**Q** 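Shown below is the structure under consideration.
The structure displayed is predicted, hence computed values, not measured ones. In what follows, every chain begins at residue 1, and chains take the letters A, B, ... in the order their sequences are listed.
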Amino acid sequence: MDGEKKTYGGCEGPDALYVKLILSDGHEFIVKKERALTSGTIKAMLSGPGQFAEKEADEVHFREIPSHVPSKVYALCMYFMYKVRYTNSSTEIPEFPVAPEIALELLMAANFLDC
Amino acid sequence: MASFPPRVNEKEIVRSRTIGELLAPAAPFDKKCGRENWTVAFAPDGSYFAWSQGHRTVKLVPWSQCLQNFLLHGTKNVTNSSSLRLPRQNSDGGQKNKPREHIIDCGDIVWSLAFGSSVPEKQSRCVNIEWHRFRFGQDQLLLATGLNNGRIKIWDVYTGKLLLNLVDHTEVVRDLTFAPDGSLILVSASRDKTLRVWDLKDDGNMMKVLRGHQNWVYSCAFSPDSSILCSVGASKAVFLWNMDKYTMIRKLEGHHHDVVACDFSPDGALLATASYDTRVYIWDPHNGDILMEFGHLFPPPTPIFAGGANDRWVRSVSFSHDGLHVASLADDKMVRFWRIDEDYPVQVAPLSNGLCCAFSTDGSVLAAGTHDGSVYFWATPRQVPSLQHLCRMSVRRVMPTQEVQELPIPSKLLEFLSYRI
């Protein structure tokens, strides 16, 4: 148990644990697939035929979303985790605060991602 | 005459899960009036629950203990102190810091209750881990009780002692509400057709009288940013007041009978009102538009019938803290839970002779008070809100509808932000 080095699954193949989200200026974010699937849009992009996904590696390209909004990507990832954690759970659902400064743009991103 | 829209099959609507009950102790004069539980309230930080137990008493219980008792002892819980086991008390006097139960004799029939905290509501909501920490001597938690003779008594929740006696109303004080910004400004609504504004940080000095109602005032509610007050009353009255200048902003027209309850959504973008005309309306308080109608009688009564006795009076309405659900209490022996985007209830629960309801501070429980002085609790429908809704609430807390209309965003998003979907 001690000294075991943790290895993570890759982004390749249909059983990949992780997906790579690539924003318009090349920044890459690696997120656990289960959580990214919270977004209906990402789900469609990953499972749809041809056009969106490259099947060798599970990557999703967002040509419209620039990465100068890192706080919003962070908020998105936090929301995915929040949703997976508390959906169908009997524990209390805590509040998920959204800072007013990013709320409008986060709304647009959330609307695009259908989540 | 049906309780639900024709296309809805009543048997398919989910029944809410009961959490518990607090039954009033059997009183010697069971059948006389004076037993009614006209009002229930939760403290803004979730620490206490209070209800008027009938016969002039108000009972204050620490909420987390109450919940634990429901879980440990099953759902029934008769309210005398012997059966409500308090936690182990430390011998070194640590018990002083634990919340205690109080029974307060107010000296007259209690019609309204409100908790006031010197901690602004926003702050007490965000500090999750400290919900059960009671900071003695630093933050004040007050309970205001409105009585049959027009007096208002202010009690300290931690010690159960009387702090102030406010005398000015000449008739029943039907509703009380504190401003949520921690300023300890109290507004009282009375059958003497006025509302009065009191400053409890200034020894209960009465700052203003709001006149405009032609008849009984039934209820009042502050918007979450404390800038607007809604007051509702007999003769279809729904008024909005500017609480910086104490002027009337507008009258909302639409109900056909006495309007008896009102509540704002947590982002202040929506206002719910309940009326004896069998309807709950969801308004946009910024421009007076009616966005949703929640009916309790189908087919809906025509205005003449809605303006009279129709056995389907809606008595109370409350907005959940997730901004998505509304609960209503009507005379057809049912509590209904609604989502703001559907016009039929998503859950119902049976309740006879319900008079008032309130969501708990975290929105997970609905409490309803009845004619015999008891309180019943149900689990509220909860689900993870969409990120779009969370963003909408964050934007609307700071932006009125007029500003939203000016935003350079696609029209579908504009409608979503204005709650028009």
**Q** Given that the side chain runs from C-beta out, which part of Q388(B) has a heavy atom under 4.5 Å from chain A: side chain, backbone, both or neither?
**A** both
**Q** For each of N111(A), L104(A), V98(A), I102(A), tally heavy-atom pairs with chain B at distances under 4.5 Å, and name the one with the top tally.
**A**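 The option with the most such pairs is N111(A).
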**Q** Please look at L390(B) and chain A and tell me whether the side chain, the backbone, both or neither of the residue comes under 4.5 angstrom of a heavy atom of that chain.
**A** both
**Q** Strictly distance-based, threshold 3.5 Å: is any side-chain N or O of S386(B) a donor or acceptor partner for the main-chain N or O of C115(A)?
**A** no
**Q** Please classify the contact of L387(B) with chain A as side chain, backbone, both or neither, using a heavy-atom distance under 4.5 Å.
**A**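 Both backbone and side chain.
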**Q** Using a cut-off of 6.0 Å, state whether more than 12 heavy atoms not belonging to R420(B) lie near its atom CZ.
**A**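 Above 12, so yes.
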**Q** Run the side chain to side chain donor-acceptor pair (under 3.5 Å) check on T401(B) and N287(B) step by step: do they pass?
**A** CA-CA 7 Å; T401(B) 314; N287(B) 56 22; 4.8 Å; no
**Q** By a 4.5 Å heavy-atom criterion (distance strictly below it), what part of Y86(A) contacts chain B: side chain, backbone, both, or neither?
**A**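 Both backbone and side chain.
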**Q** Under the 3.5 angstrom rule, does the side chain of R339(B) hit a backbone N or O of V346(B) as a donor-acceptor pair?
**A** no
**Q** Could you pull out the closest heavy-atom pair between F70(B) and E21(B), with the gap in Å?
**A**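 It is CE2-O, 3.3 Å.
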**Q** Heavy-atom pairs under 4.5 Å with chain A: which of A379(B), P385(B), G363(B), C391(B) has the most?
**A**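 If we count pairs closer than 4.5 Å to chain A, C391(B) comes out on top.
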